[in-house]
Amino acid sequence: LYPIIFPQEQSSEDKLLFEKMKILQNITLRDLGMKLENMHEEVWKLSKKKLERAMRAQSPKEKLEYFADAYQIVNDGIEVHTKNKKSTGADDCLPILVYSLLKSMPARI
């Protein structure tokens with residue numbers, strides 16, 4: 001069962017997604033609708049690291065924990081950048097998570 005759930009090789013879908021992600025490497029946060037041009041790069045880099053770890057996770061629970069950590073990093077980064085302590089929403093966080101995922105270039109999802 002383990003080799004079926006966690007295959008060692010990329011599926012054809014994973015290969016196609018990887019190729020499309022390579023094409024999108026020049027995308028910017030502004031292209032994704034973000035107006036936080038001056039947001040510190042460290043935010044998406046930390047998020048990217050968590051997403052990379054999620055791709056190597058061995059259980060669904062562990063993957064979700066890494067995704068939740070990535071979301072929290074982005075959320076905290078936006079709040080610090082905007083100096084606004086109210087909660088942020090998906091409109092604020094999703095583009096940065098997408099950007100982080102694109103930059104992490106996962107071989108398999």
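In this chain, residues are counted from 1 in sequence order.
- Qualifying side chain to side chain contact (heavy atoms under 4.5 Å, CB included) partners for I27, counting only residues two or more places apart in sequence or in other chains: D31, L32, Y99, L102.
- When atom types are taken as modelled, the side chain of K103 and the backbone of Q25 share a donor-acceptor pair closer than 3.5 angstrom.
- Within the 4.5 Å cutoff, the side chain of L94 has heavy atoms near those of the V98 side chain.
- The two atoms that bring L51 and S104 nearest to each other are CB-OG, 4.3 Å, heavy atoms only.
- With sequence neighbours left out, E65 forms a side chain to side chain contact (heavy atoms under 4.5 Å, CB included) with K61.
- K22 meets the side chain to side chain contact (heavy atoms under 4.5 Å, CB included) test with F18, E19, M105; sequence neighbours excluded.
- The main-chain N or O of Q58 is found under 3.5 Å from a side-chain atom of E62 such that the two form a donor-acceptor pair.
- We find the CZ-OG distance between F67 and S47 to be 9.5 Å, quoted to the nearest 0.5 Å.
- Closest approach of M55 and L101 over heavy atoms only: CE-CD1, 4.1 Å.
- For K50, the salt bridge (Lys or Arg N to Asp or Glu O under 4.0 Å) partners two or more places apart in sequence, or in a different chain, are D69.
- For K45, the salt bridge (Lys or Arg N to Asp or Glu O under 4.0 Å) test picks out E41, with sequence neighbours left out.
- Taking L46 as the reference, E42, I73 meet the side chain to side chain contact (heavy atoms under 4.5 Å, CB included) condition, with sequence neighbours excluded.
- Here the closest non-hydrogen pair linking V43 and G77 is CG2-CA, 3.8 Å.
- Linking ILVMFWY residues whenever their side-chain heavy atoms come closer than 4.5 Å, directly or via other members, places L24 and L17 in the same cluster.
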